[in-house]
Amino acid sequence: MTSQTLKIGELASQTGSSVETIRYYEQQQLLPPPSRSAANYRLYNDTHVRRLQFIRHCRSLDMALDEIRTLLTFRDQPDADCAGVNAVLDHHIDHVAHRIKELKGLQQQLLELRSRCGRVQSTDACGILQELENGDGTEPRNLGSHSGGCH
């Protein structure tokens, strides 16, 4: 691979990231600080490109930043064994399984709510809106994060 020097906008374009995301990953110390040009521009290299691609792939698997940070630590120690990597992934798999269970519960709750209104009528007679306003006397279920990957 040839060594290249990229400004932040070029790195963003090449990796499909936003400039804000790159700055955030730097702030979170997931990306090493780039060198600076004489004009104080951030200058990134192939190492940054590969690391950012790794982070983006982890995020596409819904991994939290702490999980990614841990995996990056292992990645930066190529001679270490991968037992810790397996443990991180096993923990994440358990988290995903729990989240799927929560989402199935949410789906069931939404299906029950949808069944409250079987025909088109005025909104003041809508069973869905009435149920959302009045509930069934029980506390709403807490189904965890709905924010996609911020666990």
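For this chain, numbers begin at 1 and follow the sequence in order.
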Enquirer: Does the side chain of Q108 come within less than 4.5 Å of L113's, by heavy atoms?
Expert: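 Heavy-atom side-chain distance check fails, nothing below 4.5 Å.
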Enquirer: Would you say that E26 contacts P34 through its side chain, given a criterion of any heavy-atom pair below 4.5 Å between the two side chains?
Expert: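 They are in contact (side-chain heavy atoms under 4.5 Å apart), so the answer is yes.
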Enquirer: Restricting to salt bridge (Lys or Arg N to Asp or Glu O under 4.0 Å), what partner residues turn up for R69, sequence neighbours left out?
Expert: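 So R69 forms a salt bridge (Lys or Arg N to Asp or Glu O under 4.0 Å) with D66.
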Enquirer: Does H98 have any side chain to side chain donor-acceptor pair (under 3.5 Å) partners at least two apart in sequence or in another chain, and if so, which?
Expert: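 Testing H98 for side chain to side chain donor-acceptor pair (under 3.5 Å), a comparison that skips the adjacent residues, returns E102.
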Enquirer: Counting only heavy atoms not in E133, do more than 12 fall under 6.0 Å of its CD?
Expert: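 Open: at most 12 neighbouring heavy atoms sit under 6.0 Å from CD of E133.
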Enquirer: Under a plain distance cut-off of 3.5 Å, with no hydrogens placed, do T73 and T70 share a side-chain donor-acceptor pair?
Expert: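 No, no side-chain donor-acceptor contact under 3.5 Å.
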Enquirer: Just jot down the salt bridge (Lys or Arg N to Asp or Glu O under 4.0 Å) partners of D124, sequence neighbours excluded, or say none.
Expert: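 D124 satisfies salt bridge (Lys or Arg N to Asp or Glu O under 4.0 Å) with no residue once adjacent residues are dropped.
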Enquirer: Are any of the side-chain heavy atoms of R59 and L65 separated by less than 4.5 Å?
Expert: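 Heavy-atom side-chain distance check passes, below 4.5 Å.
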Enquirer: Which pairs would a plain distance check flag for residues 8-17, meaning a side-chain donor or acceptor within less than 3.5 Å of a matching protein atom at least two apart in sequence or in another chain?
Expert:
unit_1	atom_1	unit_2	atom_2	d
E10	OE1	K7	N	2.7
T15	OG1	L11	O	2.8
T15	OG1	S17	OG	3.2

Enquirer: Using a 4.5 Å cut-off between side-chain heavy atoms of Ile, Leu, Val, Met, Phe, Trp and Tyr, which other residues end up in the same hydrophobic cluster as L129?
Expert: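 Its cluster mates, by chain and number: none.
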Enquirer: Under 3.5 Å, is there a donor-acceptor pair between the N45 and Q4 side chains?
Expert: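 Not at all, the side chains of N45 and Q4 share no donor-acceptor pair under 3.5 Å.
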Enquirer: Are any of the side-chain heavy atoms of L43 and L6 separated by less than 4.5 Å?
Expert: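 Of all side-chain heavy-atom pairs linking L6 with L43, none is under 4.5 Å.
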Enquirer: Check the orientation of H95 and H92. Use parallel for under 30°, tilted for 30 to 60°, and perpendicular for over 60°.
Expert: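 Correct class here is parallel.
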Enquirer: Decide whether a cation-pi geometry holds between R36 and Y41; the criteria are a distance under 6.0 Å from NZ or CZ to the six-membered ring centre and an angle within 45° of the ring axis.
Expert: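 No, cation not above the ring by the 6.0 Å, 45° rule.
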Enquirer: Within the 4.5 Å heavy-atom criterion, are Q107 and L111 side-chain neighbours or not?
Expert: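 The answer is yes; the side chains approach within 4.5 Å.
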Enquirer: For D76, which residues count as a side chain to side chain donor-acceptor pair (under 3.5 Å) partner, sequence neighbours excluded?
Expert: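 Only R51 meet the side chain to side chain donor-acceptor pair (under 3.5 Å) criterion with D76.
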